[in-house]
Amino acid sequence: MSRAETMEKNYNPLASEKAIYETWESKGYFHEEPDPARKPFTIMMPPPNITGQLHLGHALQGAVQDAITRYKRMRGFCTLYLPGTDHASIATEVRIIETLAKEGISKQELGREGFLKRAWDWKKQYGGRIVEQLRSLGVSCDWKRERFTMDEGNNAAVVEVFNRLYEKGLIYQGHRIINWCPVCKTALSDAEVEYESQDGHLWHIRYPLEDGSGEIVVATTRPETMLGDTAVAVHPDDPRYAAMVGKMLILPLVGRRIPVVADSYVEMEFGSGAVKITPAHDPNDYEVGQRHGLEQITVMHEDGTMNENAGAYQGMTAQACRKQLVEDLQAQGFLVRVEDYAHNVGTCYRCHTTVEPMLSKQWFVSMQSLADAANREVRAGKTRFIPDRYSRVYFSYMDNIRDWCISRQLWWGHRIPAWHCQDCGEVTVSRTEVTACPKCGGAVRQDEDVLDTWFSSALWPFATLGWPQKTPDLDYFYPTSLLVTAYDIIFFWVARMIFSGVEQMGEVPFPDVLMTGIVRDAQGRKMSKSLGNGIDPLEVIQTYGADALRFALTMGTTPGNDMRYSQEKIEAARNFSNKIWNASRFVLMGLGDAPVKSIDEVELEPIDGWILTRLGRLIREVTDHMEGYELGMATGKVYDFIWSTFCDWYIEWAKQRLYSDDETKKEAVRAVLVHVLERSLILMHPFMPFVTEKIWDYIPGREEGSLIMASWPEDHPLYHRDEDEEAITAAMDIIRAIRNIRAEMKVPQGKRTRVLILPAHQRAAQSLPMNASAMEKLAYAQSVEFITDKQQVPKGAVGNVCDWAEVFLPLEDLVDIEKEKARLGKEREKLSGDIARAEAKLANPGFTGKAPAAVVEKERENLALNREKLTRLDAQLAALEG
RNA sequence: GGGAUUAUAGCUCAGCUGGUUAGAGCGCUACGUUGACAUCGUAGAGGUCGAUGGUUCGAGUCCAUUUAAUCCCACCA
């Protein structure tokens with residue numbers, strides 16, 4: 001019994017995947033050392049957060065990255081697919097605080113040290129979990145080089161970059177309006193604020209002039225900020241207020257004297273045309289305040305409660321303050337009216353609390369020069385976005401870049417390498433621990449804040465290779481070859497990696513950025529916890545296998561476009577993996593004991609030439625698509641070849657020879673079957689690594705090697721020699737013939753009938769009879785007989801014509817003659833329509849003169865064929881009449 | 001306000017640099033236990049490619065306008 005006999009009837013992914021993955025890994029196939037003899041191919045895995053579990057987005061990206069990595073590996077590149085995880089500063093800290101809250105502990109109670117201990121425990125637990133989940137996907141990444149954004153090497157890189165930027169004056173501390181999350185109690189960068197439309201109100205408030213000569217009505221969506229007002233601004237050209245500019249107003253409830261200033265920032269058309277100015281709590285007001293030298297009065301604490309500057313409202317939350325303040329305004333007659341107003345409110349991207357713009361001292365990266373340098377490289381084509389439209393997203397961000405607020409009032413993250421002198425206030429930024437103030441020798445303490453989590457992510461492409469050390473890895477694998485990531489992360493990550501790479505390494509970190517879309521549910525909705533429509537990739541893998549999941553996520557997709565995940569897709573993918581399995585099982589079970597010969601050593605038949613030609617074409621197409629990262633096209637082509645060409649036609653055809661007693665024929669067909677199967681498996685391997693590897697193991701002579709390390713097939717001239725052309729054409733004639741006969745069989749397939757064939761020309765008369773038995777089988781005929789004269793056709797036989805012959809089926813009483821006539825008539829109508837269209841086209845001098853010769857020639861040939869066909873069809877119709 | 005994407009068979013989507021009767025999967029109809037597979041096979045019905053206008057010998061495929069949906073950015077208090 002051959003080993004193939006032991007293959008189960010249906011492929012069972014669960015039983016194989018884990019063991020296959022362990023074999024790959026233990027044999028070291030995922031690991032490469034720098035090899036000067038070969039070209040490197042490097043992909044850095046976007047490190048998943050240690051807060052999460054694997055979701056379909058990871059699965060999609062893993063499938064894409066791994067498919068490309070496996071392809072490149074088989075093409076002979078020295079591949080590195082480097083995995084890792086991200087500490088995800090704020091996201092993780094939020095989650096840990098939540099967990100602590102359940103235990104009734106606060107972050108402060110635990111203290112910094114205790115908190116960090118909890119965080120590292122968390123990292124160990126959840127970081128480990130997501131790594132295991134990635135493994136189950138089958139990604140061939142180099143776990144020996146696995147990294148973490150807060151491991152020793154990355155810490156060193158972060159400190160180095162911070163110091164370098166500081167030394168160049170590109171990192172500074174500034175007192176600025178920043179986005180403050182009152183729940184996370186930290187500053188956020190602009191990119192970390194998400195705007196959402198909220199229904200609110202517009203309060204119109206009366207501000208009287210000090211001299212009693214009148215008043216100005218201002219409108220606000222945040223009345224509580226009026227406690228920090230230090231001016232009212234109007235447009236310089238606004239005639240309504242021209243006389244008031246320079247005068248003083250009395251701030252209601254507070255009694256502070258504030259000036260009326262003129263500033264072109266104000267839109268005359270909006271509201272009353274007058275704006276209250278709160279420099280400490282609004283970015284625009286801050287700008288106005290700067291221009292007019294206004295005082296900045298902060299009225300809120302960092303936790304969102306009102307501070308001592310809020311007078312009577314001190315201690316209240318912002319919401320409570322707003323309510324009380326509006327009541328007071330109302331009572332004292334300052335409130336003119338309230339209207340409903342929908343406006344956009346900034347929220348924290350982690351906890352979705354409304355952020356408060358606040359004046360605060362934070363660390364910033366000065367972006368302009370960094371962005372300029374990066375943009376020069378990208379504009380010069382050093383980095384290409386796929387699809388190209390995403391370069392616009394990149395540029396729209398980078399061309400309007402603002403300084404990056406990098407300090408976070410959190411504990412989990414890279415602590416800012418700056419020390420403050422407690423005596424003289426000197427700030428020392430250093431690569432090493434500072435113990436005393438270098439200026440006055442006073443005691444120092446390290447800055448309490450940590451860095452934006454994206455600060456370290458930005459260094460990922462080179463920090464993971466050992467930078468700032470000059471390592472062989474860095475030298476060989478940098479710049480990386482490709483970045484695969486989702487389009488929603490361009491600002492956070494892609495742009496920052498690019499400018500960091502350009503600044504620190506002197507070149508862009510990757511030439512290509514392949515954007516993936518978002519995986520949505522079957523209804524096209526985003527998957528989210530609140531909707532409960534998330535799909536757990538692990539459950540899918542448990543049920544259908546990782547191959548099916550990966551295939552479902554790549555088949556028929558386009559780079560950068562969103563896709564929907566559905567039950568139907570995963571089932572179709574699973575069915576396909578089973579199809580491959582069974583096709584292979586069939587091929588392998590039919591091999592016998594003799595060693596399989598190479599296709600060069602056997603006698604090929606026309607149909608062999610046909611399948612080998614198709615295979616050659618497939619290899620070229622798939623290779624092209626892989627090179628262009630068109631994975632959806634590549635999978636589609638392989639799918640179609642394996643199922644519709646190889647299985648449906650070649651294997652069915654092969655059975656004739658396989659079951660014959662002719663050993664020469666048997667060894668020929670076995671050679672071709674194995675040849676095509678092996679190459680199909682290789683082409684499929686990047687997308688369905690497990691099932692293909694599993695099958696590979698059953699192929700005689702392949703037991704020792706692993707498919708993952710096989711060479712990508714080259715197209716071979718043998719597959720399309722000129723002398724094969726005739727044979728291939730003949731094979732295609734036969735296929736067309738069989739299709740015709742099948743279509744003709746309107747009767748139940750069980751009732752077999754004779755098939756009479758009258759070849760239309762010499763070529764057909766020669767090639768067709770050779771394959772009579774295959775035709776008989778494939779056309780479900782009782783027999784296939786060749787005739788030389790129409791006289792031999794029995795009366796009442798129905799017929800059909802195709803390019804190469806006329807086919808007659810003596811069905812007599814089995815078919816309704818009238819229906820048959822109608823069908824042929826319909827066919828005739830269509831045919832004459834085609835002929836008329838072609839004639840008109842060829843009569844058009846514009847077409848014959850301007851179109852490429854090949855196109856015109858093809859049109860002519862077709863017309864000739866169709867005319868001939870029409871003649872024969874007419875004859876058949878006439879016969880039916882008689 | 002700016003920018004982008006999508007609109008192709010009942011559903012989900014392909015269709016690259018324009019070239020004959022526009023493809024696939026699922027679903028649907030009819031038939032089929034043919035010595036790999038019912039997670040299967042055979043045949044079939046079903047779109048003229050959102051709308052309008054243009055470029056071209058020729059457009060789903062390029063241009064303009066337009067309609068609808070979605071997304072991103074900015075943000076006027």
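Because the structure is a prediction, the values reported are computed rather than measured.
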Q) Going by number, which of residues 641-660 of chain A have a non-hydrogen atom under 4.0 Å from RNA chain B? A) A:Trp643, A:Cys647, A:Asp648, A:Ile651, A:Glu652, A:Lys655, A:Tyr659
(Q) Can you pull out the residues from residues 230-238 of chain A that lie within a 4.0 Å heavy-atom distance of RNA chain B? (A) none
Q | Any pair counted as salt bridge (charged side-chain N to carboxylate O under 4.0 Å, His left out), so long as it reaches residues 642-652 of chain A, sequence neighbours left out | A | A:Glu652-A:Lys655
Q) Under the salt bridge (charged side-chain N to carboxylate O under 4.0 Å, His left out) rule, what pairs show up with a residue in residues 552-581 of chain A, not counting sequence neighbours? A) A:Arg520-A:Asp562
Q: Take atom CG of A:Asn575 and atom C1' of B:G25, then tell me their distance rounded to the nearest Å.
A: 11 Å
Restricting both atoms to N or O, compile the protein contacts to nucleotides 17-20 of chain B shorter than 3.5 Å, with distance only.
unit_1: B:U20; atom_1: N3; unit_2: A:Asn862; atom_2: ND2; d: 2.8
unit_1: B:U20; atom_1: O4; unit_2: A:Asn862; atom_2: OD1; d: 2.8
unit_1: B:U20; atom_1: O4; unit_2: A:Asn862; atom_2: ND2; d: 2.8

Q: Give me the ring orientation class for A:Trp649 and A:Trp653: parallel if the planes are under 30° apart, tilted from 30 to 60°, perpendicular past 60°.
A: tilted
Q) Where along nucleotides 69-77 of chain B does protein come under 4.0 Å, by heavy atom, of base (B) or sugar-phosphate alone (S), with - for untouched nucleotides? A) ----SBBBB
Q.
Base contacts versus sugar-phosphate-only contacts with protein, heavy atoms under 4.0 Å: please encode nucleotides 7-15 of chain B as B, S and - from 5' to 3'.
A. -----SSSS
Q.
Could you work out, with ring-ring contact (aromatic ring centres under 6.0 Å, His included) as the rule, every residue matching A:Phe270, not counting sequence neighbours?
A. none
Q | Integer angstrom distance from the P of B:G10 to that of B:G50 | A | 14 Å
Q: With C1' as the reference atom in both, quote the distance from B:U17 to B:C62 in angstrom, rounded to an integer.
A: 11 Å
Q. A:Leu673 pairs by side-chain contact (heavy atoms from CB on, under 4.5 Å) with which of A:Ile611, A:Leu588, A:Leu658?
A. A:Leu658
Q) Which listed nucleotide (B:U39, B:A36, B:G25) is nearest to the side chain of A:Arg585? A) B:A36
Q: Return yes if a side-chain donor-acceptor contact under 3.5 Å exists between A:Asp521 and A:Tyr565, otherwise no.
A: no
Q.
Testing the 3.5 Å rule here: is there a donor-acceptor pair between the side chains of A:Lys694 and A:Thr692?
A. no
Q: Decide yes or no on side-chain hydrogen bond (donor to acceptor under 3.5 Å, both in side chains) for A:Tyr349 and A:Glu192, but give the supporting numbers first.
A: CA-CA 5 Å; A:Tyr349 82 137; A:Glu192 289 170 313; 3.0 Å; yes
Q.
Return whichever of A:Asp834 or A:Asn582 has its heavy-atom-nearest nucleotide of RNA chain B closer to the 5' end.
A. A:Asp834
Pairs under 3.5 angstrom only: tabulate donor-acceptor contacts from the side chains of residues 541-552 of chain A to other protein residues two or more places apart or in another chain.
unit_1: A:Thr543; atom_1: OG1; unit_2: A:Glu539; atom_2: O; d: 2.7
unit_1: A:Tyr544; atom_1: OH; unit_2: A:Gln567; atom_2: NE2; d: 2.5
unit_1: A:Asp547; atom_1: OD1; unit_2: A:Phe690; atom_2: N; d: 3.0
unit_1: A:Asp547; atom_1: OD2; unit_2: A:Phe690; atom_2: N; d: 3.4
unit_1: A:Asp547; atom_1: OD2; unit_2: A:Val691; atom_2: N; d: 2.6
unit_1: A:Arg550; atom_1: NH1; unit_2: A:Asp66; atom_2: OD2; d: 2.9
unit_1: A:Arg550; atom_1: NH1; unit_2: A:Leu137; atom_2: O; d: 3.0
unit_1: A:Arg550; atom_1: NH1; unit_2: A:Gly138; atom_2: O; d: 3.4
unit_1: A:Arg550; atom_1: NH2; unit_2: A:Asp66; atom_2: OD2; d: 2.8
unit_1: A:Arg550; atom_1: NH2; unit_2: A:Pro686; atom_2: O; d: 3.1

Q | A:Lys9 (side chain) and B:C37 (base): donor-acceptor pair under 3.5 Å | A | no
**Q.** Under-3.5 Å donor-acceptor pair between A:Arg574 side chain and B:U39 base
**A.** yes
Q: Identify whether any heavy atom of A:Ala583 sits under 4.0 Å from a base atom; if not, whether one sits that close to sugar-phosphate; answer base, sugar-phosphate or nothing.
A: base
Q) Residues in salt bridge (Lys or Arg N to Asp or Glu O under 4.0 Å) with A:Asp190, at least two apart? A) A:Arg402
Q. Taking only residues two or more places apart in sequence or in another chain, which ones pass side-chain hydrogen bond (donor to acceptor under 3.5 Å, both in side chains) with A:Thr635?
A. none
Q.
Stem finding on RNA chain B, please: runs of three or more consecutive Watson-Crick or G-U wobble pairs, both distances under 3.5 Å, sorted by first number.
A. B:1-7 with B:67-73, B:10-13 with B:23-26, B:28-32 with B:40-44, B:50-54 with B:62-66
